[in-house]
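Since the structure is predicted, the reported quantities are computational estimates derived from the model, not experimental observations.
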Amino acid sequence: MELEISRLDHYGIVAGVIKDLKLVEQIDNLLGVHEQSEISHGEAIAGMILNGLGFTDRPISLTPQFFENKPLELLFRPGVRAEHFNRFKLGRTLDSVHAYGCEALFGLLAASVCRQEQVDCSFGCEDTTSFSTTGEHLPDEDIGAITITHGYSKDHRPDLKQVVLELMVSQDGGIPLLMKCWSGNADDNSIFQHRAKELIEAWKDAENPRYLIMDSKGYTQNNAINLKSLNFITRIPETNAPAKATISDALNQDNWVIWDENRKYTCFEIEHYGIGQRWIVVFSKAALNRSENTVEKASIKEKTKIDKALYHLHAQRFKSETEALEALKKICKPWKYYVLQEVEIEEHKKYLSTGRPAKNSPFELEYMIKCKVEKDLERIDKIIKEKACFIIGSNIPQTELDDLEVLQGYQGQDHVEKGFGFIKSPLCFASSFFLEKASRIEALIMVMTLALLVYTTAQRRLRTALDHVDETIPNQIKQPSKRPTMRWIFQLLEGINHVVIREGKQIKVMLEGLNELRRRILSLLGTSVAAIYQVKPRVEMAL
């Protein structure tokens, strides 16, 4: 008897979702298939996605090693072997992806997934991040490749060259809708301005209203001409004068609407940058606590500087009271948290002759200034309250989205942040950026974003199914949850093995490690996933 054991774990979910979405077939139709290749471009990309979602801290150059103990006939098709995923094949696939166009290829695949999964794409959450790279990068022959160079590093690694990723995701499940790689020195203002201009054309014929959600970097005077033609929800930079005045008005009027136990809001009709819009000022208790701590630390720092400046001031002598007061005024000007409590000017005689002065020795008067300071409690209280407020701006009519719906729409911005966190996880495509060609790095980031697409689709499927059948899954602390993360589900499925028993000409195939909870989870993730794990699907009832 011969026994062959392969690790299946959660990889069947990834492979099953890829099969349900027909990603391999679509990629092959777009990139083409070489007759002599053991695996197609679509299968190579599926392999990279499986490696990336394996959370094994393994670079793509070791993908063959990753697949050595996996049941490839289940994950792909009979005849696929681990050595087919060598670095030469994966490199040629990345070249083909870049030649086709990373943004265009991803856009087509994402649109297909959204149609098939019936994803609500009304709200598009837009943001950027940067990926630091290591090593030297060879210049590409293709002039269309991005430039790997230094820029503002969101990874806090200004010493490393980088590439910038622009990403838009849906609020419905955080499904990536579009991606684009930019050179490492690209700035957010230019990226948002480019995207807004592109969306005007892309959304003009949309059947349903589309809303652009972005952070304050997209709200600029240069971008206003584009924003005027879009439905947008954005954070308003509190640094500009109208925003400061609006927050001050909100605090003075004290006319708030309760959002929940921790937040309240009030709305103002504003025309700014030539756009009529609503500015919704939100006051948050959590932000209030943060601002109290921030202001306290800042006031302590300021007091240290004040004490040092006053120490030197008190030692100085001035020719007139006016000169002394001017010196004090100059020191006081930048104070934010302190005011003068007491000021005293002392006269001192300076004798013009040397030695011990006589009764009638000539002299001139000099002046010394002494002062004490105290906290400006009224101003500090105002600053703390202002820092506890932020503004969400929108040009969407009240009849289309009310104030609360606008605020809830902006809350969805965290979906894109979670997407960045997923892609940049050390366990997802770790050490991948040792690639030398900028075009391959760009293509690999597209594949990484495609892995996020597969991950979020699986997560959305499961959550939708759990809600439909009214069931829960125990979370990490054994509490019932209808919104588990796919990362937790992957951990729950560790220890499932694909077992092949060969005895003479008889072959028996079985799965080892399935229990009731695992079967229940797997039955809700689609027909292909259920087939891989040999369970009865319930997805038709759930989706």
S.K.: Establish, yes or no, whether a centroid distance under 6.0 Å links the rings of Y533 and H498.
M.R.: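 For Y533 and H498, the ring centres are not under 6.0 Å apart.
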S.K.: Take the angle between the ring planes of F232 and Y219 and call it parallel below 30°, perpendicular above 60°, tilted in between.
M.R.: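 Rings of F232 and Y219: tilted, as their planes differ by 30° to 60°.
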S.K.: Can you name the salt bridge (Lys or Arg N to Asp or Glu O under 4.0 Å) partners of D215, sequence neighbours left out?
M.R.: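 Expected list: none.
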S.K.: For the residue pair S528 and K19, what are the closest heavy atoms and their distance?
M.R.: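 Closest heavy-atom pair between S528 and K19: OG-CB, 3.9 Å.
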S.K.: For the pair Y211 and F123, name the ring-plane relationship: parallel under 30°, tilted 30 to 60°, perpendicular over 60°.
M.R.: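 Y211 and F123: tilted rings.
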S.K.: Around atom CG of L108, are there more than 12 heavy atoms from other residues, nucleotides or ligands closer than 6.0 Å?
M.R.: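 For L108, atom CG is crowded (more than 12 foreign heavy atoms under 6.0 Å).
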S.K.: Heavy atoms, side chains only, cut-off 4.5 Å: are R518 and L492 in contact?
M.R.: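 Counting from C-beta outward, R518 and L492 never come under 4.5 Å.
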S.K.: Atom CG of L72 and atom OG of S6: how far apart are they, to the nearest 0.5 Å?
M.R.: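 Taking CG in L72 and OG in S6, the distance rounds to 8.0 Å.
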S.K.: Is the F422 to Y455 ring centre distance short of 6.0 Å?
M.R.: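 Centroid distance F422-Y455: below 6.0 Å, so yes.
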S.K.: Minimum heavy-atom separation for A438 to I148, with atom names?
M.R.: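 Looking at all heavy atoms of both residues, the closest pair is CB-CG1, 3.8 Å.
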S.K.: Could you report the tightest heavy-atom contact between V281 and C389, atom names first, then the distance?
M.R.: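 Taking every non-hydrogen atom into account, CG1-CB, 4.0 Å.
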S.K.: Side chains of C125 and Q171: closer than 4.5 Å at any heavy-atom pair?
M.R.: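 C125 reaches Q171 side chain to side chain.
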S.K.: Just so I know, are the side chains of P484 and L466 near enough to count as touching, which here means a heavy-atom distance under 4.5 Å?
M.R.: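 Answer yes - side chains close enough.
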S.K.: Using every non-hydrogen atom in the two residues, find where L462 and L525 come nearest and quote the distance to one decimal.
M.R.: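 Scanning both residues, the minimum pair turns out to be CB-CD2, 3.8 Å.
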S.K.: Check for me whether K385 meets the cation-pi criterion with F283, that is, NZ or CZ under 6.0 Å from the six-membered ring centre and within 45 degrees of the ring axis.
M.R.: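 Not flagged: K385 not positioned over aromatic ring of F283.
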S.K.: Step through the shown structure and confirm whether more than 12 heavy atoms of other residues, nucleotides or ligands are within 6.0 Å of NZ on K482.
M.R.: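 For K482, atom NZ is crowded (more than 12 foreign heavy atoms under 6.0 Å).
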S.K.: Is there side-chain contact between I391 and I280, with heavy atoms separated by less than 4.5 Å?
M.R.: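 With C-beta onward as the side chain, the pair stays apart.
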S.K.: Between the side chains of K387 and E292, is the shortest nitrogen-to-carboxylate-oxygen separation below 4.0 Å, so that they form an ion pair?
M.R.: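 Looking at K387 together with E292, the answer is no, because their closest N to O distance does not fall below 4.0 Å.
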S.K.: With a 4.0 Å cut-off, would you call R195 and E166 a salt bridge?
M.R.: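 A salt bridge links R195 with E166.
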S.K.: First locate atom OG1 of T128, then atom CE of M168, and finally report the distance between them rounded to the nearest 0.5 Å.
M.R.: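 The OG1 atom of T128 sits 12.0 Å away from the CE atom of M168.
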S.K.: Could you check whether Y410 and F390 have their ring centres less than 6.0 Å apart?
M.R.: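 No, the ring centres sit 6.0 Å or more apart.
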S.K.: Name all residues meeting the salt bridge (Lys or Arg N to Asp or Glu O under 4.0 Å) criterion together with K418; count only those two or more places apart in sequence or in a different chain, and write none if there are none.
M.R.: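 K418: salt bridge (Lys or Arg N to Asp or Glu O under 4.0 Å) contacts with D414.
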S.K.: If you measure from NZ on K305 to CD1 on I300, what distance do you get to the nearest 0.5 Å?
M.R.: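 That separation rounds to 14.0 Å.
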S.K.: For the residue pair E126 and L167, establish whether any side-chain heavy-atom pair is separated by less than 4.5 Å.
M.R.: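 Side chain of E126 against side chain of L167, heavy atoms only: no contact under 4.5 Å found.
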S.K.: Out of I521, V14, I13, which one pairs with V529 under the side-chain contact (heavy atoms from CB on, under 4.5 Å) rule?
M.R.: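 It is I13; the other options fail the test.
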S.K.: Would you kindly check if the NZ (Lys) or CZ (Arg) of K70 is within the cone defined by 45 degrees around the ring axis of F66 and under 6.0 Å from the six-membered ring centre?
M.R.: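 The answer is yes, since K70 meets both limits relative to F66.
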S.K.: Is the shortest side-chain N to carboxylate O distance from R92 to D95 below 4.0 Å?
M.R.: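 No.
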S.K.: Under a 4.0 Å N-O cut-off, is there an ion pair linking D20 with R461?
M.R.: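 Answer for the salt bridge query: yes.
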S.K.: Cut-off 3.5 Å, no hydrogens considered: what does the side-chain donor-acceptor table look like for residues 83-91, sequence neighbours left out?
M.R.:
residue	atom	partner	partner atom	Å
E83	OE2	R81	NE	2.6
H84	ND1	R81	N	3.1
N86	OD1	F88	N	3.1
N86	OD1	K89	N	2.9
N86	ND2	E83	O	3.1
K89	NZ	I39	O	3.2

